[in-house]
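Down below is the structure, laid out as C-alpha cells.
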Amino acid sequence: MFRQAAIFALALLPFSLGQISEGFENGWDQAAWPTYAPDCNQGGKVTLDTSNAHSGKNSMRVDGAGGFCGHIFFGTTKVPSGDIYVRAWVKASKALTDSHVSFITMPDSAQGSKKHLRIGGQSKILMYNRESDDATLPDLSPQGIAASAALPTGSWQCFEYHVGPDGTIETWLNDKAIDGLTSKPGVANSNAAQWQRSSVKPKPTAIYFGWESYGGDTNTFWYDDIVIGSTRAGCTTPA
C-alpha cells in the first residue's frame, strides 16, 4: 500500500522534477519521439538501427543530407521547466568540418517564433549557435576555437550539456568540461564576447537530435541512452 502511494505521488510531481531516460530497447516510439523538420525535408532520414548501439542492441540513426532542407531530427517536447540537463551518447561517421552544421536543435521561445538554440560545429569544433542573431559560443577566433573541442568519429561519445534559466550554458564531452562551451551570468569569458552581448536567456520548448547543414555537408549520426532531466546524469547513469 505504501509503495503504491509513493508511485502515485511520484506521478503527480511536475516534470521539472522528473526525468526522461530512453535507450530505445523497446523500439522507436514515434509518438513520444516524433521527427522534426521545420519548413522542408528533402533527403534526411531517421531510422531505428538494430545493429549499432552504445548499450543493448538498438539506437537511433540519422542520415543527414546536405543543405538546409536536407535536415531531419527526432526528439521530445517533454522539457524540464527550469534547469535542463541533457545526456546523449552520440556517434558520428564523419568529422566536423569548417562548415556550419547542427546535430541538436531546440526551439527557443526566448528568441521568438521559429528560432532555435542549436548545438553543432563549425571550424572543425563543437559550438552553440543562437539563431536570432547568429551568435556563436565560443567566438570563432583562434583562441575561441582552441577553447572548444573536436567531436571524435567512429566511436560512441558521451555528450552532455546544461541550459539554465539564468542563461547558463555548460558542456561536457566524456565527463570533461569544455571551457569554450561554458557561459555563466556575471562571469567573464574571453571566448564568449559574441554570446554574452545579448540578454536573451534560452528557454527551450523541445529538444531534437539529428542533422542540419547550412552548406553541403552530409553526415550520419547515431544517438543512444538519452537522459533529459533537471539534474546532471553523468556518463555512467544508464538510460
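Any value given below was found using the heavy atoms of this structure, including those in side chains, with hydrogens, waters and symmetry copies removed.
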| task | Kindly say whether the aromatic ring centers of Tyr85 and Tyr161 come within a distance under 6.0 Å. | result | no
| task | Determine whether His100 and Ser102 make a side-chain contact, defined as any pair of heavy atoms from C-beta on separated by less than 4.5 Å. | result | yes
| task | Carefully, step by step, assess Ser155 and Gln157 under the rule side chain to side chain donor-acceptor pair (under 3.5 Å). | result | CA-CA 6 Å; Ser155 60; Gln157 310 295 317; 2.8 Å; yes
| query | Roughly how far, to the nearest 0.5 Å, is CG of Asp63 from OG1 of Thr47? | reply | 6.0 Å
| Side-chain ion pair, Lys201 and Asp166, N-O less than 4.0 Å | no
| said: Donor-acceptor pair, distance only, cut-off 3.5 Å: does the side chain of Ser109 make one with the backbone of Lys203? | reply: yes
| message | Could you check whether any side-chain N or O of Ser59 sits under 3.5 Å from a backbone N or O of Asn52, counting only pairs where one atom can act as donor and the other as acceptor? | response | yes
| request: Mind checking the NZ-CG spacing from Lys115 to Asp133? Nearest 0.5 Å is all I need. | output: 10.0 Å
| Distance, nearest 0.5 Å, that separates CD of Gln42 from CD1 of Ile72 | 11.5 Å
| request: For this output row, return yes or no: ring centroids of Phe24 and Trp33 closer than 6.0 angstrom. | output: yes
| Close side-chain approach of Pro138 and Ile125, heavy atoms under 4.5 Å | yes
| Does any non-hydrogen side-chain atom of Arg130 lie less than 4.5 Å from one of Gln194? | no
| Derivation and outcome, side-chain contact (heavy atoms from CB on, under 4.5 Å), residues Asp224 and Trp156 | CA-CA 9 Å; Asp224 200 3; Trp156 289 96; 3.8 Å; yes
| message | Less than 4.5 Å apart, side chain to side chain, heavy atoms only: is that true for Met60 and Trp222? | response | no
| said: Using salt bridge (charged side-chain N to carboxylate O under 4.0 Å, His left out), reason through Lys114 and Glu131 one step at a time and then give a plain yes or no. | reply: CA-CA 9 Å; Lys114 295 186 177 182; Glu131 187 176 2; over 6 Å; no
| task | Determine whether Leu48 and Val62 fall in the same hydrophobic cluster, where Ile, Leu, Val, Met, Phe, Trp and Tyr are linked whenever their side-chain heavy atoms lie under 4.5 Å apart. | result | yes
| field | Hphob cluster co-occupancy, Leu117 + Ile228, side-chain heavy atoms under 4.5 angstrom | value | yes
| request: Verify whether the ring centers belonging to Phe74 and Phe209 lie closer than 6.0 Å. | output: yes
| query | Run the side-chain contact (heavy atoms from CB on, under 4.5 Å) check on Ile119 and Met106 step by step: do they pass? | reply | CA-CA 9 Å; Ile119 302 174; Met106 295 165 278; 4.0 Å; yes
| remark: Output for pair (Ser113 OG, Asp108 CG), nearest 0.5 Å, gives 11.5 Å
| Short side-chain to backbone donor-acceptor contact, Glu25 and Lys57, under 3.5 Å | yes
| note | CD1 of Ile169 to CG of Leu181, rounded to nearest 0.5 Å, is 9.5 Å
| Under 4.5 Å between side-chain heavy atoms, hopping through other hydrophobics if needed: is there a path connecting Ile104 to Val90? | yes
| message | Check this for me: does any side-chain nitrogen of one of Glu212 and Arg118 sit under 4.0 Å from a carboxylate oxygen of the other? | response | yes
| said: Between Ser21 and Gln19, does the side chain to side chain donor-acceptor pair (under 3.5 Å) criterion hold? Intermediate values first, please. | reply: CA-CA 6 Å; Ser21 297; Gln19 178 173 282; 3.3 Å; yes
| request: Nearest 0.5 Å please: distance from the OG atom of Ser55 over to the CG atom of Asp225. | output: 3.0 Å
| Option passing ring pair (Phe, Tyr, Trp, His ring centres under 6.0 Å) with Phe103 (candidates Tyr223, Phe159, Phe73) | Phe159
| said: Quick one about Asp134 and Asn129 (side-chain donor to acceptor, distance below 3.5 Å, no hydrogens or angles considered), yes or no? | reply: yes
| task | Taking the side chain as every heavy atom from C-beta outward, state whether His162 and Ile84 have any pair of such atoms under 4.5 Å apart. | result | no
| task | Answer whether the closest heavy-atom distance between the side chains of Asn58 and Asp49 falls below 4.5 Å. | result | no
| Candidate pair Gln196 and Asn189, rule side chain to side chain donor-acceptor pair (under 3.5 Å), full reasoning | CA-CA 9 Å; Gln196 293 182 344; Asn189 182 342; over 6 Å; no
| remark: Only one of Thr218, Asn219, Val101 passes side chain to side chain contact (heavy atoms under 4.5 Å, CB included) with Ser213, and that residue is Val101
| message | Using the rule given for salt bridge (charged side-chain N to carboxylate O under 4.0 Å, His left out), can you reason through Asp175 versus Arg232, listing the C-alpha separation, both sets of side-chain angles and the distance that settles it, and then say yes or no? | response | CA-CA 11 Å; Asp175 269 333; Arg232 187 182 171 197; 3.0 Å; yes
| query | Got Glu160 and Thr171 here, is their nearest side-chain heavy-atom distance under 4.5 Å? | reply | no
